[in-house]
Engineer: 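Quick one: the structure is below, questions incoming.
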Amino acid sequence: MAGLRLYLDENVDVRIAAGLALHGVEAISARDAGMLGATDAAQLAYAQGERAVLVTRDHHFLDLVADVARAGGQHHGLIYLPHRRLAIGAYVRLLSVCAQAFVSDEFVDRVEFL
């Protein structure tokens, strides 16, 4: 398995998680985790508990992780996907490269924009 575990919130197409698995990346979607409809704070807490980097299109998470940092807390990392539209395969390739380029401890409190 790749260096990073990824947790894709409900704003990220579930097919991306399936594609990542085909590339050897450990990824779970909010749907598969039973987290659909959960608050942003609950989504981030879930990812933290799973030691997974949260992948989202929701810009509110940028404020949320900033609030966590200001409060002296940590998160396991965030990958923000802008709202440009790419093919599912393109997102899978980008996230796969990112997941394989880092180990878990290197991504704590990190925010990446893809």
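Positions are given from 1, in the same order as the sequence printed here.
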Engineer: What is the ring orientation for Phe107 with Phe102, classed by angle as parallel under 30°, tilted 30 to 60°, or perpendicular over 60°?
Structural biologist: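 Plane angle over 60°, so perpendicular.
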
Engineer: Establish whether Tyr46 and Leu54 are linked, either directly or via other cluster members, by ILVMFWY side-chain heavy-atom contacts under 4.5 Å.
Structural biologist: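 In one cluster: yes.
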
Engineer: For the residue pair Val25 and Leu4, what are the closest heavy atoms and their distance?
Structural biologist: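 Reported closest heavy-atom pair: CG1-O, 4.2 Å.
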
Engineer: Could you check His23 against Leu95 for side chain to side chain contact (heavy atoms under 4.5 Å, CB included), going step by step and ending with a plain yes or no?
Structural biologist: CA-CA 10 Å; His23 283 83; Leu95 288 167; over 6 Å; no

Engineer: Quick one: CG on Leu81 to CG on Asn11, what's the gap to the nearest 0.5 Å?
Structural biologist: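 If I round to the nearest 0.5 Å, the distance is 10.0 Å.
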
Engineer: For the pair Gln43 (side chain) and Met35 (backbone), establish whether a donor and an acceptor sit closer than 3.5 Å, ignoring hydrogens and angles.
Structural biologist: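 Answer holds: yes.
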
Engineer: Let's go through Val14 and Asp32 carefully: what are the C-alpha distance in whole Å and the side-chain angles of both, what is the deciding distance for side chain to side chain contact (heavy atoms under 4.5 Å, CB included) to 0.1 Å, and is it a yes or a no?
Structural biologist: CA-CA 9 Å; Val14 297; Asp32 292 339; 5.8 Å; no

Engineer: Would you find a donor on one side and an acceptor on the other, under 3.5 Å apart, between the side chain of Arg5 and the backbone of Ala27?
Structural biologist: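 Looks like no, no N/O pair under 3.5 Å.
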
Engineer: For the residue pair Leu86 and Leu94, establish whether any side-chain heavy-atom pair is separated by less than 4.5 Å.
Structural biologist: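 They are in side-chain contact.
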
Engineer: So how far is it from Ile88 CD1 to Leu20 CG, rounded to the nearest 0.5 Å?
Structural biologist: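 Between Ile88 CD1 and Leu20 CG, I get 10.0 Å after rounding to 0.5 Å.
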
Engineer: Is there a side-chain contact between Tyr91 and Asp13 in this structure, where contact means two heavy atoms from C-beta onward sitting under 4.5 Å apart?
Structural biologist: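 No. Closest side-chain heavy atoms not under 4.5 Å.
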
Engineer: Are any of the side-chain heavy atoms of Tyr80 and Thr56 separated by less than 4.5 Å?
Structural biologist: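 With C-beta onward as the side chain, the pair touches.
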
Engineer: Set out, in order, the CA-CA distance, both residues' side-chain angles and the distance that settles side chain to side chain contact (heavy atoms under 4.5 Å, CB included) for Leu6 and Glu26, then state yes or no.
Structural biologist: CA-CA 6 Å; Leu6 301 179; Glu26 190 174 352; over 6 Å; no

Engineer: Applying salt bridge (charged side-chain N to carboxylate O under 4.0 Å, His left out), name anything that partners Arg51, two or more places apart in sequence or on another chain.
Structural biologist: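 Arg51 satisfies salt bridge (charged side-chain N to carboxylate O under 4.0 Å, His left out) with Asp105 once adjacent residues are dropped.
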
Engineer: Any link between Phe113 and Phe61 through a network of hydrophobic side chains (Ile, Leu, Val, Met, Phe, Trp, Tyr) touching at under 4.5 Å?
Structural biologist: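 Yes, one cluster joins them.
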
Engineer: Which pair of non-hydrogen atoms, one from Arg57 and one from Pro82, has the smallest distance, and what is that distance?
Structural biologist: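 It is NH1-O, 2.8 Å.
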
Engineer: Does the pair Leu62 and Leu78 meet the rule for a side chain to side chain contact (heavy atoms under 4.5 Å, CB included), with working shown?
Structural biologist: CA-CA 8 Å; Leu62 299 172; Leu78 178 75; 3.7 Å; yes

Engineer: For the side chain of Glu112 and the backbone of Ile79, is there at least one donor-acceptor N/O pair under 3.5 Å apart?
Structural biologist: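 Answer holds: no.
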
Engineer: Considering residues at least two apart in sequence or located in another chain, which fulfil the side-chain hydrogen bond (donor to acceptor under 3.5 Å, both in side chains) criterion with Arg93?
Structural biologist: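 Residues passing side-chain hydrogen bond (donor to acceptor under 3.5 Å, both in side chains) with Arg93: none at all.
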
Engineer: For a quick test of reading the model, state the closest non-hydrogen atom pair linking Ala47 to Tyr7 and the distance between them.
Structural biologist: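 For Ala47 versus Tyr7, the nearest heavy atoms are CB-CD2, 3.8 Å.
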
Engineer: So His75 and Asp109, do their side chains get closer than 4.5 Å, heavy atoms only?
Structural biologist: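 Yes, close enough: below the 4.5 Å cut-off.
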
Engineer: Starting at CD of Gln48, measure out to NE2 of His76 and round the result to the nearest 0.5 Å.
Structural biologist: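 Answer for the CD-NE2 pair, Gln48 versus His76, is 6.5 Å.
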
Engineer: Let me check something: do Val92 and Val53 share a hydrophobic cluster, defined by ILVMFWY side-chain heavy atoms less than 4.5 Å apart, either directly or through other members?
Structural biologist: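 Linked, Val92 and Val53 end up in one cluster.
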
